[in-house]
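Just so we're on the same page: letters track the sequence lines, and every chain starts at 1. Note that this is a predicted model, so its numbers are computed, not measured.
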Amino acid sequence: MAQTRFGKVDAIIEFPAREAEIRRFWSERNVFQRSLERRADGPRFVFYEGPPTANGLPHNGHALTRVMKDVFPRYRGMRGYSVPRIAGWDTHGLPVEIEVEKELRISGKDAIREYGVEPFVRRCLDSVFRYTEEWRQFTEKLAFWVDLDQPYVTYHESYVESVWWALSQLFEKGLLYQGHKVVWWWAQGGTALSAAEVGQGYKTVDDPSLYVRFPLRDRPGVSLVVWTTTPWTLPSNTFAAVKPGVEYARVRDGDDQLIVAAQLVGTLAEKLGRELPVEEVFSGETLIGERYEPPFDWYRDRVGDAKLWRVVGADFVELDAGTGVVHIAPAFGEVDFDLLRREQKSDPSLPLLCAVRPDGSFDPELADARFAGRWVKEADRDLTRDLKERALALHVEQVRHEYPFCWRADDDPLIQYARPAWYVRTTERVQEALEANAAIQWLPEHIRDGRFGDFLRNNVDWALSRERFWGTPLNIWINDETGAMAAPASVAEILERNPHAFASFDAALAEDPTLSPHLRVHKPWIDDVTWTREGEPGVYRRVPEVIDAWFDSGSMPFAQWGYPHRNREAFEAAFPADFISEAIDQTRGWFNSLLWISTLLFPDAEKPHPYRTCIVLGHVSDRAGKKESKSKGNYTPPEIILDRVRLEFAAIPSDAVAAGEIEIAREDYDGMDLRGDGTRVRVYRDGAEGEALDRTLRPVALPRRVARLTLADQRALGLEAAPRGEGTLPTEVPGLPPEQKVWIEDPSVAAPGADAFRWFFFASNPPWNATRHSLSGVRALQRELPLKLRNVYAFFTIYANIDDFDPAAAPCVAGKRAPAERSLLDRWILSELALANRRVIEHMDAYRVYEATGVLSEFVDALSNWYVRRSRDRFWAPGLEADKLDAHWTLYECLIASAKLVAPFLPYAAEDIWQNLARGPFPESDEESVHFCDYPGPDETALDEPLSRAMGALRELVSAGLQVRTAEKLRVRQPLEAAEIVLGVGASGDALAPYLDLMREELNVAEVHFVPKADEYVTYRIKPNFRALGPKVGKRMPALKAALAQADGASLLRELDAEGRVALEIAGESIDLTREELAVDLEAREGFAAASCGAGVVILRTTLTPELIAEGQFREVLNRIQTLRKELDLEYTGRIELTLAGDTELLEAVRPRAEELKRETLALALALESAPVDGAEVRELAIDDRPLTIGLRLAGN
RNA sequence: GGGCCUGUAGCUCAGUUGGUUAGAGCGUCCGCCUGAUAAGCGGGAGGUCGGAGGUUCAAAUCCUCCCAGGCCCA
């Protein structure tokens, strides 16, 4: 049988390139698909992918969500579950429309209508998948295994039909109704703006600030005083609100009486510049129900007996400004509107007064001639004048405040404005939603009662409709004569009503066969769908709105299957989800819409649904904890981790730059993880790497993402200056033409790669914490496990190949011994492995990925820094004796297990190891990929906790011993006579006796003893065991502590040992103390070369005999020769011939140990006191000032 | 303005039901080791645990208030 040669493992590796090879293997061998098939019969673990929008490029936050959504399904898959993973795309909504508007350089709904709804919608569709390819690559690079070939897509007809079904269910249950919603309205553009957009457009402006009298009808001469900064809303005034439970005052103002909140009388008096003596104080409630004269009479004769213009109570009334009486215009304020809705519960006839048309002008039907048709903001001044003339304005001034403007047209102020809207009556089912929420496992837990619970408890009805174009059309048709409504749940149901319903779309399709068939269920074509009914007058026409895109994504549990029109069983088998995860901003987004839709549609399903466990991810911030933002440029693009260490800069030629140099911002320099003040970099134009220049990069004070270069370099690279120079915003750089920007790349190191990125997100902190992201951070964590594991793996292949160790070969298999027969060290690391394995499973089952990475790191550290380190001489031993074979097997088993253990976290590294170490020897094995393997279960027989504890103590003692050497300036190469160990009180040397060889080697001492009578070396410090004594001793604790500190430790201990207890006199009382109630610390006495640790005290005998000195000198010589071997890059097995000459004492130290020297250095010949032979590599050096000449040449030359 | 979260070493983070010398990694300095290692080991410096009160024999941990940052809403 041919010997396996394991592939050579380079310690230095370009991870992105290696990962690409592995990715190719996965795709060629269809590994993901097959991993699913192999588990198809397993119990189901249901994962829902929250659909991203692909009309922007993926960023670091997406990387976090991708890897978190990957690690748990991978883990569960390896644990035997069937875990199908379907990708999804969120395709509808305002952001898409806005992108297209930008592209078309148009703005507003009228502009869209002018452009044409049909071509507009088609452009939306195109734009949705603009970055699909980037998303696919991003997803694949991060090894997020999800089925990208058969994704669910929210604009697809089958998806829309499912959403329609959901809406028709709500409609039939009476949970859909029409009302109004107050939105931030851009009147000139005829559109509502989202909160995020509004947030972008605040400006500081001066607005009028009015104090207005509302005369009470039934109390002549008495007026309420209200304060407003929007006079234009006064004609639509409906109520005046006061705060119940707060004191109000009636004050005298000349012949008038005014009513304001008692605590604001002074403020108002100051404004008016006159005394306002208080006549009466009363509680706010007593005002409720009072009628008043509205400030304008535009509605007076129009609204019949409706109980308008009266005082109502409201808790939101604030008393730190204004008058404590609030003007309520429900059409122009959200809280105002909610108040109207509240009042409508007892009096449904209350109208919504709105004297303003959607274009922001006063309605000529209502307004008097002076104001009809005028833009409301412009009318403020005349309205104010009118109020003054009628003596209703008590006081007028200007106020400077922040007010939102349209971010696209920044001269246009926004107004709050009530628009007709469709609502989902969620308030009726809050209790059920809360029950579902209570049953969900939220990670972190506080989301349940905190952020999300609060949100649910404060639920208001879901405003579902959007007056836009690109979205799922609201499937409600209204008879234009009778007002009857219908909500068909599918295309088929529409066709039943009118077989030619889609004639207009069919015609469009006939004209243009490239038209996506899915657009049949979209605007504008869906608006042409109508029908009539036998015996009923009128035509059913669809309402014009589309719906909130959150309803789309929240429907994915069933809509991804097209349920209930299709795939009923598939849906039922995959409901609810066991696990979902998104970032915290989805609390009110996807997490919310999923929960509500499920709660409303499936009231009988067992809770929680539609998800059982939800990990709420923190945001990814920059290295300073600031939100990453493309416009600030504090953004490390994911490519710098995944592909290459480079950034793109706007080119700024400057004659101030030194020849051969380039200057960028210090922040960008740090962002590329460059050190010092100058680094060699490559500079090139995009796509012209062949003509790259090598330059020295200098960090200076500059704005981000601009690079200053010399005029000569500018010419050499064929660049133009970026037109906006240093004022170029980071966000503009990608859009510059290629001749105005440069790439700057650090060619000295490869990017860390996808596994490193994944590990960073898992291992840096718990997933719900905000993560500070940087290249240096990723690299730091990469060293912690991925690189360490790779080093061990490389070590193994070196010696396995040297020894022809082959796990498939008969001699190796025959020589494989059970772990119990192997050496202590082997048994120890196998025990650690089993322990780590058990703990990783516990953590991962509980979704504690961060803790799981900690366990893995500790294990790999133990493997690398103790097992391999202590086993090195076993691997160097000649031949392949039993002990060496044990070492190979043990390390092999650890690596194979590690590959499986890390597979969900580091799918590439795991595959790399697996292919080389498992598939290499066993090419016919069933597990072609590590991702086909079962996750290992701990080998319970290998678990040996006493062994783990003992080795832990040993490692501590060794550390202490090394600490002594450091303190005494005794290098480890210098052998010492002995180490004495004083163990902690009560510990026995027996448990550690088997490890003393390890300790002798590690400390380089001839002997290790336990010292039975330790008083000579150490003192004992005795402290109370606070935890045990706390309840018993209570307030006397400080006194006890002091007494123990002063007592003689050794004699106390002797008494304890003899009597089993000691008695101490504290504050006149005697306290009996047992051994368990005391803690004893050892401390080395002065004058010894000693150090203490938790396990005990280590004392080194530091006297050097001539023999020890000679031994030390020999070690030095050996070290120099080995170093030379390494310098010369010799093969590990390469034989050499040696000559040594120089200091006599050195040579005499070597002479008796010549055989050992030859063995260790693989020297066939050793000549002392002889000159180097021809062709030898010669080194002249000194060891402690003693000259030595080494001549080394390869044997056989 | 409200809600939630976070604040521990220069940086990134741990820190069990409160238990008395607050830990790790990185960085830095000194030293060591190296025939796997972009490594590793030992040590030093570095902390009023955001601040102020309180509860307790005992507080990073529990309570109250305040400050700063983040997120979500207004």
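- With respect to A:Arg18 and A:Glu14, no salt bridge is recorded, no charged nitrogen being found less than 4.0 Å from a carboxylate O.
- Atom-to-atom, CG of A:Asp755 to C1' of B:A38 comes out at 17 Å; the value is rounded to the nearest Å.
- Between A:Asn765 and B:C13 there is a side-chain N or O to OP1 or OP2 distance below 4.0 Å.
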Within the sub-3.5 Å range, which N or O atoms of nucleotides 54-58 of chain B have a protein N or O partner, and how far apart are they?
residue	atom	partner	partner atom	Å
B:C57	OP1	A:Lys1035	NZ	3.4
B:C57	OP2	A:Lys1035	NZ	3.2
B:C57	O4'	A:Gly1034	O	3.4
B:C57	O4'	A:Lys1035	N	3.4
B:C57	N1	A:Gly1034	O	3.4

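- Atom CG in A:Asn865 sits roughly 13 Å away from atom C1' in B:G25 (whole-Å rounding).
- Not one side-chain nitrogen or oxygen of A:Asn769 sits closer than 4.0 Å to the OP1 or OP2 atom of B:U12.
- Here the side chain of A:Gln782 pairs a donor or acceptor atom with the backbone of A:Pro752 at under 3.5 angstrom.
- For the P atoms, the distance linking B:U61 with B:U6 amounts to 14 Å, nearest Å.
- Note on A:Pro766: only backbone sugar-phosphate atoms sit closer than 4.0 angstrom, heavy atoms only; bases stay farther off.
- A distance of about 37 Å separates the C1' atoms of B:A39 and B:G70, rounded to the whole Å.
- Whole-Å rounding puts the A:Leu785 CG to B:C26 P distance at 14 Å.
- Taking atom CD of A:Glu784 as the reference point, atom P of B:A14 lies 13 Å away to the nearest angstrom.
- The C1' atoms of B:G53 and B:U48 are separated by 16 Å, rounded to the nearest whole Å.
- The existence of a salt bridge linking A:Arg1125 and A:Glu1177 is excluded, since no basic side-chain nitrogen approaches an acidic carboxylate oxygen closer than 4.0 Å.
- A:Leu789 places its CG atom 17 Å from the P atom of B:A36, with the value rounded to the nearest Å.
- In this structure, B:G69 forms a base pair with B:C5, meeting either the Watson-Crick or the G-U wobble geometry with both donor-acceptor distances under 3.5 Å.
- Rounded to the nearest Å, the gap between the C1' atom of B:C29 and that of B:C65 is 43 Å.
- A distance-only check finds a donor-acceptor pair linking the side chain of A:Thr1161 to the backbone of A:Leu1157 [under 3.5 Å].
- Close placement of the A:Phe796 and A:Tyr892 rings is indicated, their centers lying within 6.0 Å of each other.
- Here the nucleotide nearest the side chain of A:Arg872, chosen from B:A36, B:C4, B:A38, is B:A36.
- Spacing of P atoms, B:G42 relative to B:C49, comes out at 28 Å, to the nearest Å.
- Comparing A:Arg451 and A:His446, the nucleotide of RNA chain B nearest to each residue sits closer to the 5' end for A:His446.
- A donor-acceptor pair is defined here as one N or O able to donate and one able to accept, closer than 3.5 Å; such a pair exists between the side chain of A:Asp755 and the backbone of A:Ala909.
- Residue A:Phe591 is tested with A:Trp442, A:Trp596, A:Phe455 for a ring pair (Phe, Tyr, Trp, His ring centres under 6.0 Å); the sole match is A:Trp442.
- With a 3.5 Å ceiling on both atom-pair distances, B:U55 lacks any Watson-Crick or G-U wobble partner.
- Here A:Asn1119 lies in heavy-atom contact (under 4.0 Å) with sugar-phosphate atoms only.
- Distance check on atom C1': B:G46 versus B:G3 gives 38 Å, rounded to whole Å.
- Comparing the same atom, P, in B:A52 and in B:A68 gives a spacing of 16 Å after rounding to whole Å.
- In this structure, B:G27 makes no Watson-Crick or G-U wobble pair, since no nucleotide meets both defining distances under 3.5 angstrom.
- Between B:G23 and B:A14, the two C1' atoms lie 7 Å apart (nearest whole Å).
- Atom CZ in A:Arg783 sits about 21 Å away from atom P in B:A36, given to the nearest Å.
- Comparing A:Asp449 and A:Asp861, the nucleotide of RNA chain B nearest to each residue sits closer to the 5' end for A:Asp449.
- Side-chain contact between A:Phe452 and A:Val616: absent, with no pair of heavy atoms (C-beta onward) separated by less than 4.5 Å.
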| query | Run the side-chain contact (heavy atoms from CB on, under 4.5 Å) check on A:Phe875 and A:His888 step by step: do they pass? | reply | CA-CA 8 Å; A:Phe875 289 101; A:His888 276 301; 3.6 Å; yes
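- Donor-acceptor pairing under 3.5 Å, judged by distance alone, is present between the side chain of A:Ser864 and the base of B:A36.
- Between A:Glu784 and A:Lys788 there is no salt bridge, since none of the side-chain N atoms of the basic residue sits less than 4.0 Å from a carboxylate O of the acidic one.
- Side chain of A:Asn765 to main chain of A:Ala770: a donor-acceptor pair is present (N/O by atom type, distance under 3.5 Å, no hydrogens or angles).
- Put simply, CH2 on A:Trp759 is 21 Å from P on B:A38, counting in whole angstrom units.
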| field | side-chain contact (heavy atoms from CB on, under 4.5 Å) evaluation trace for A:Val792 with A:Leu891 | value | CA-CA 9 Å; A:Val792 177; A:Leu891 187 51; 3.8 Å; yes
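- Close to B:A36, at under 4.0 Å from its OP1 or OP2, lies no side-chain N or O of A:Tyr793.
- Contacts with RNA chain B (heavy atom under 4.0 Å) in residues 850-860 of chain A: A:Tyr850, listed by number.
- Going from atom CD of A:Glu1116 over to atom C1' of B:U34 covers 13 Å, rounded to whole Å.
- Shown here, B:U48 forms no base pair; nothing in the strands shown gives a Watson-Crick or G-U wobble contact with both key distances under 3.5 Å.
- Checking B:C26, B:C71, B:G3 against the side-chain heavy atoms of A:His619 singles out B:C71 as nearest.
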